[in-house]
Amino acid sequence: LGVRVFAPATVANVVCGFDVLGFAVNEPGDEVEMRLTETPGVVIKKITGDDGRLPLDAAKNTVSASVQHYLQHINRLDVGVEIELHKKMPIGSGLGSSSASTVAGLFAINKLMGDLLTPKELVPFAMKGEELACGYGHADNVAPAILGGFVLVRSYEPLDVISLPTPAGMYAAIVYPEVDVPTKDARQMIRSKVFLKDAVTQWGNVAGLVSGLFMNDFDLIGRSMKDVLVEPTRSILIPGFEEMRNIAMENGAIGFGISGSGPSVFALTKDEETAKKITKAQQQHLHKININSKAYVSSV
Ligand code: HSE
């Protein structure tokens, strides 16, 4: 018995919501093929598309480790599982690459076990995968990869994940400048203490963004897409960041920022055409400064 599952890339943080906001896109994403075997234990059979960068060791790979964790939880360590992971998106890109693989794996095992858990109940298992990948089990990639659309992680302890509405017609214009920014490093560089004044600005913006999603108010969403805590530090690692922001805003983006921990950037737009125009101009700029890039346009 076997299944093949796709899970999508995600844009975490959504500028002001560090570790608490994220949304899923249609593409890119990863695929997992999984089948049950007679021999107990979880085995990674094959990984494609990763240029040999991901571990085949089942204890170190985020997909197998979270599947193992799931089987332990449902008390089925007698089950044998073979996994093939097909990476179809860049690693270390800020687009929730590890989360897409992990979530595809968890959906696959849950399906093979007869949908014992609800999608929401899979979130903590996927967070274990994030912990393995970058040292901290943040949920702002895995929760939207599992639930789709915009998601708020209201609380981590206890975990409280809320699906938010997505205004009709919204598109994401994503550009990945091909430089490596591992999430682990990008997390270590952030200040752990903040000024109250900055915190006030930040939570005002988070509340504004969430309100804008509920009210279908693109202008309010755009005004709220500001980050005074994390972006000033992380944007330094992203080539052409300010120029890409200018290109996005001059071409009619609702807002612009870093996707996850970078180096990918994203803009939200009111239509597909604007999103395409923005990614094209941003890629042209990156090309001028000798940085290769990939672009994705997706409805949100
Ligand atoms: N919230 C996480 C971070 C997302 O910004 O570090 C990583 O993609």
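Since we're looking at a predicted model, the values are computed, not measured. Along the sequence shown, residues carry numbers from 1.
The existence of a salt bridge linking E242 and R245 is confirmed by a sub-4.0 Å separation between a basic side-chain nitrogen and an acidic carboxylate oxygen. By the 4.0 Å N-to-carboxylate-O rule, D185 lies too far from R187 to be salt-bridged with it. The residues K277 and E272 are annotated as not salt-bridged, no charged nitrogen and carboxylate oxygen being separated by less than 4.0 angstrom. In this structure, K45 does not pair ionically with E84, as no charged nitrogen and carboxylate oxygen lie closer than 4.0 Å.
A donor-acceptor pair shorter than 3.5 Å cannot be found between the side chains of D271 and Y171. A donor-acceptor pair shorter than 3.5 Å cannot be found between the side chains of N251 and T274. S66 and T102 share no side-chain donor-acceptor pair at under 3.5 Å. A side-chain donor from one of S293 and Q283 sits under 3.5 Å from a side-chain acceptor of the other.
Counting only heavy atoms from C-beta outward, the side chains of I146 and F107 approach each other to under 4.5 Å. Side-chain atoms of P28 and Y296, non-hydrogen and from C-beta on, do get closer than 4.5 Å to each other. Using a 4.5 Å heavy-atom cutoff, the side chains of V42 and L71 are in contact. Side chains of L116 and N110 form a contact here, defined as non-hydrogen atoms less than 4.5 Å apart. Residues Y70 and L122 meet the side-chain proximity criterion, which asks for heavy atoms closer than 4.5 Å. Looking at I83 and V43, their side chains never come closer than 4.5 Å, going by heavy atoms from C-beta outward. Here the side chains of V230 and R191 are not in contact, with every heavy-atom distance at 4.5 Å or above. A 4.5 Å side-chain heavy-atom check between M34 and V81 finds at least one atom pair inside the cut-off.
Of all heavy-atom pairs between A24 and G148, the closest is CB-CA, 4.1 Å. Annotation for G260 and R234: closest pair O-NH1, 3.4 Å, computed over non-hydrogen atoms. Nearest approach of S99 to A145, heavy atoms of both residues: OG-CB, 4.0 Å. Scanning both residues, S97 and D30, for their nearest heavy atoms gives O-OD2, 3.3 Å. Looking at every heavy atom in both residues, L147 comes nearest to P119 through CD2-CB, 4.1 Å. Summarising the geometry of I221 relative to I254, their closest heavy-atom pair is CG2-CG2, 4.0 Å, with the distance given to 0.1 Å.
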Worksheet item: Are V79 and L77 close enough, and set up right, to give a side chain to side chain contact (heavy atoms under 4.5 Å, CB included), and what steps lead you there?
Response: CA-CA 5 Å; V79 170; L77 288 177; over 6 Å; no
Discussion item. Evaluate R154 against V20 for side chain to side chain contact (heavy atoms under 4.5 Å, CB included), listing each step before the verdict.
Written reply: CA-CA 7 Å; R154 188 207 57 87; V20 302; over 6 Å; no
Worksheet entry | side chain to side chain contact (heavy atoms under 4.5 Å, CB included) between E31 and R4, intermediate numbers included | CA-CA 7 Å; E31 267 174 26; R4 189 177 180 116; 2.6 Å; yes
Worksheet entry | Stepwise side chain to side chain contact (heavy atoms under 4.5 Å, CB included) test for I258 and N13 | CA-CA 8 Å; I258 303 174; N13 300 329; over 6 Å; no
Practice prompt. Starting from the C-alpha separation in whole Å, work towards a yes-or-no answer on side chain to side chain donor-acceptor pair (under 3.5 Å) for T48 and K87.
Written response: CA-CA 6 Å; T48 61; K87 288 294 310 170; over 6 Å; no
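Each of L268 and Y176 belongs to its own hydrophobic cluster when Ile, Leu, Val, Met, Phe, Trp and Tyr are linked at side-chain heavy-atom distances under 4.5 angstrom. Connection of V300 to V210 is established within a shared hydrophobic cluster, with ILVMFWY side chains joined at heavy-atom distances below 4.5 Å, either directly or through further cluster members. Linking Ile, Leu, Val, Met, Phe, Trp and Tyr residues whenever their side-chain heavy atoms come within less than 4.5 Å places M170 and M225 in a single cluster. A single hydrophobic cluster is seen to contain both V5 and V123, as judged by linkage of ILVMFWY side chains at heavy-atom distances under 4.5 Å, directly or through other members. Hydrophobic clustering (ILVMFWY, side-chain heavy atoms < 4.5 Å, transitive): F256 and L95 are in distinct clusters.
Remark: K294 NZ to E178 CD distance equals 4.0 Å, nearest 0.5 Å. Taken from CD in Q284 to NE2 in H287, the straight-line distance is 9.0 Å, to the nearest 0.5 Å. To the nearest 0.5 Å, atom OG of residue S64 and atom CD1 of residue I109 are 11.5 Å apart. Atom-to-atom distance recorded for L132:CG and N61:CG is 8.0 Å, nearest 0.5 angstrom. The structure places OG of S163 at 9.5 Å from CG of L152, a figure rounded to the nearest 0.5 Å. Taking CG of L36 as the start and CZ of R76 as the end, the distance is 8.5 Å to the nearest 0.5 Å.
Applying the side chain to side chain contact (heavy atoms under 4.5 Å, CB included) test between V15 and each of L21, D227, N205 identifies D227 as the sole match.
Classified by interplanar angle (parallel below 30°, tilted 30° to 60°, perpendicular above 60°), the ring pair Y156/Y136 is tilted. Taking the six-membered ring where tryptophan is involved, the planes of F23 and F266 are perpendicular, since the angle between them exceeds 60° and thus also 30°.
A donor-acceptor pair is defined here as one N or O able to donate and one able to accept, closer than 3.5 Å; such a pair exists between the side chain of Q202 and the backbone of C16. Side-chain atoms of D217 do not come within 3.5 Å of backbone N or O of G212 as any donor-acceptor pair.
At most 12 non-hydrogen atoms from other residues, nucleotides or ligands lie less than 6.0 angstrom from CE of M215. Residue K128 places its NZ atom among 12 or fewer non-hydrogen atoms of other residues, nucleotides or ligands, all under 6.0 Å distant. Residue E121 qualifies as enclosed at atom CD: its count of foreign heavy atoms under 6.0 Å is above 12.
The stretch residues 256-267 participates, sequence neighbours left out, in these side-chain hydrogen bond (donor to acceptor under 3.5 Å, both in side chains) pairs: T183-S261.
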